[in-house]
Amino acid sequence: MESLTIISSVLMIWFLSQSSQQEAMKQKEELKKEVSCLRSELQQIRDSRDNLSVQVQRLTSEFDNYTELTTKSIKNLDKITIKTIALEETCASQREKIQLLQHQLAASNEKLKRADLITIKTMTEYEKQKNTIIDLQDRLAEAELQIIEAEKLRKKLHNTILELTGNIQVFYRVRLLLLDTDSGGTDDVVSYPTSLEYLGRGIDLTHNAQKYSFTFDKVFNEASQEDVFVEISQLVQSALGGYKVCIFAYGQTGSSKTYTMMGNTEHAEQKGHIPRSLEQIFQTSQSLQCQGWKYKMQVSLILTFSLEASGGLSKQYRIKHDTCGNTIVFDLTIIDVCSIKAVSFLLQQASQSR
Ligand code: ADP
Ligand code: MG
């Protein structure tokens, strides 16, 4: 618009000043130049306008994009805000939990400290006890050695006593009266001296108003199996010490020989001297084995046969005494034994063939 006005004013100027056509022509040329200049300016402006419009379009689309992104971002932000609130709540509760756990940890640490103290105390106690045990063990070992020595001495002394009192000892056992099978009492027949010299060793028997006094190494007055065995066990001990020992019961039928020697094996307190001796032999030999002793047990039996089976002849056994004091009975059945059970079995067999 601006350039068109300029052109019309130029034309008017041309009509008005015909005289100065030359000048006008000049001016016209100048104006033409100016016009072309203006045109090129216009073109430039148009170009820049087009450029700007392209830029505007691009910016608009960018703006749209940004708007869209912003909407999305806002939505995301909302979501994130919700999440954040939730996380903050979780965080708060976790913090509470952490606090609680910290308290618990502190309490546990306290307990641990106390436990540590107790452990230290227990350890000290344990060490003390261990030392006491070691000390006791040492003393025990020493005592055991002393016992072994004492046992050796006891054996030696016992055997000296045996040698001094005589190797043959006679014990007298007075049998209990059985009311259903025995008649009469013993009070008026049997009495015991009360003097210190004969106490436990003497017995007085009265017959037809006449008193007969006897003295033995020991008199058992209605004693139990156990009471009698206390004396017998000393002899068994001697046998284990390498001495030859023989125990036998002598007396009239019904006087208690079998009861004394075998007893009633079904009742522990009525067990006789043979089972008691066997128990002692096996028990003591076992404990002596720990001290280096070795024992070999043999049972000798005389097996008799019925007259019919042996053709009416009873077997003769040769007996020989050698210079070392050994007595040998030929043709004895000798069986090695290593337990009470085995001996008990043989005794049973023997008693059956008596
Ligand atoms: P022996 O073998 O000397 O012939 P026993 O030992 O068989 O005599 O004894 C005869 C009976 O007397 C048996 O029944 C036995 O059980 C019983 N007897 C023997 N001594 C006692 C005692 N001290 N206590 C109880 N009963 C006994
Ligand atoms: Mg008998």
Side-chain angles (χ1 to χ4, degrees), residues 168-194 198-207 211-237 239 245-282 299-307 309-310 314-317 319 327 329 332-333 335 337 340-354:
I168 297 169
Q169 294 190 39
V170 182
F171 297 156
Y172 192 95
R173 184 180 194 182
V174 180
R175 215 201 88 180
L176 282 170
L177 275 182
L178 300 176
L179 294 174
D180 52 342
T181 52
D182 299 294
S183 57
T186 54
D187 289 355
D188 50 345
V189 178
V190 182
S191 61
Y192 303 93
T194 48
Y198 295 113
L199 196 68
R201 300 198 304 123
I203 185 162
D204 299 328
L205 302 177
T206 308
H207 182 63
K211 198 163 103 176
Y212 301 91
S213 297
F214 300 93
T215 316
F216 300 93
D217 289 293
K218 189 100 191 166
V219 170
F220 295 106
N221 172 19
E222 299 189 358
S224 68
Q225 299 280 60
E226 164 104 48
D227 294 335
V228 182
F229 189 69
V230 168
E231 292 298 322
I232 302 295
S233 70
Q234 304 276 331
L235 297 171
V236 178
Q237 205 65 30
V245 175
C246 171
I247 302 165
F248 73 91
Y250 173 81
Q252 70 185 69
T253 301
S255 64
S256 183
K257 299 183 296 293
T258 306
Y259 182 84
T260 300
M261 298 308 271
M262 278 309 288
N264 184 353
T265 43
E266 278 166 28
H267 298 280
E269 78 281 359
Q270 286 183 31
K271 261 190 304 190
H273 297 338
I274 292 172
R276 282 172 198 263
S277 299
L278 287 172
E279 275 169 21
Q280 190 185 342
I281 286 169
F282 280 99
V299 170
S300 306
L301 295 168
I302 296 176
L303 295 174
T304 54
F305 304 95
S306 69
L307 285 178
S310 59
S314 64
K315 195 168 174 173
Q316 294 287 309
Y317 288 93
I319 300 169
T327 299
V329 182
L332 280 180
T333 307
I335 299 155
V337 284
I340 300 177
K341 237 184 173 177
V343 186
S344 303
F345 175 74
L346 288 172
L347 281 172
Q348 209 185 328
Q349 298 277 100
S351 69
Q352 274 170 11
S353 61
R354 265 177 62 175

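Numbering of ligands and ligand atoms starts at 1, following listing order.
Across all non-hydrogen atoms, the minimal contact from Ser256 to Arg173 is OG-NH1, 4.4 Å. In terms of heavy atoms, Ser300 sits closest to Leu332 at CB-CD1, 3.7 Å. Scanning both residues, Ile168 and Asp217, for their nearest heavy atoms gives O-OD2, 4.0 Å.
Contact annotation: the side chain of Arg276 never approaches that of Ile232 to less than 4.5 Å [non-hydrogen atoms, C-beta and beyond].
Heavy-atom separations between Ser255 and ligand 1 include at least one value shorter than 4.0 Å.
When heavy-atom distances to ligand 1 are checked against a 4.0 Å cut-off, Gln252 comes that close only through its backbone atoms N, CA, C and O. Under 4.0 Å from ligand 1, the heavy atoms of Arg175 that appear belong solely to its side chain.
Near Thr253, with a cut-off below 4.0 Å to any heavy atom, the atoms of ligand 1 are 4 (O).
Within 6.0 Å of CD on Glu266 lie no more than 12 heavy atoms contributed by other residues, nucleotides or ligands.
For ligand 1, the polar-atom distance check against Thr260 finds no nitrogen or oxygen pair separated by under 3.5 Å. The distance criterion of under 3.5 Å between nitrogen or oxygen atoms is met by Tyr259 with respect to ligand 1.
Checking Val236, Ile340, Val343 one by one against Ile281, the side-chain contact (heavy atoms from CB on, under 4.5 Å) holds for a single residue, Val236.
Between the Mg ion (ligand 2) and Tyr259 there is no N/O/S contact shorter than 2.8 Å.
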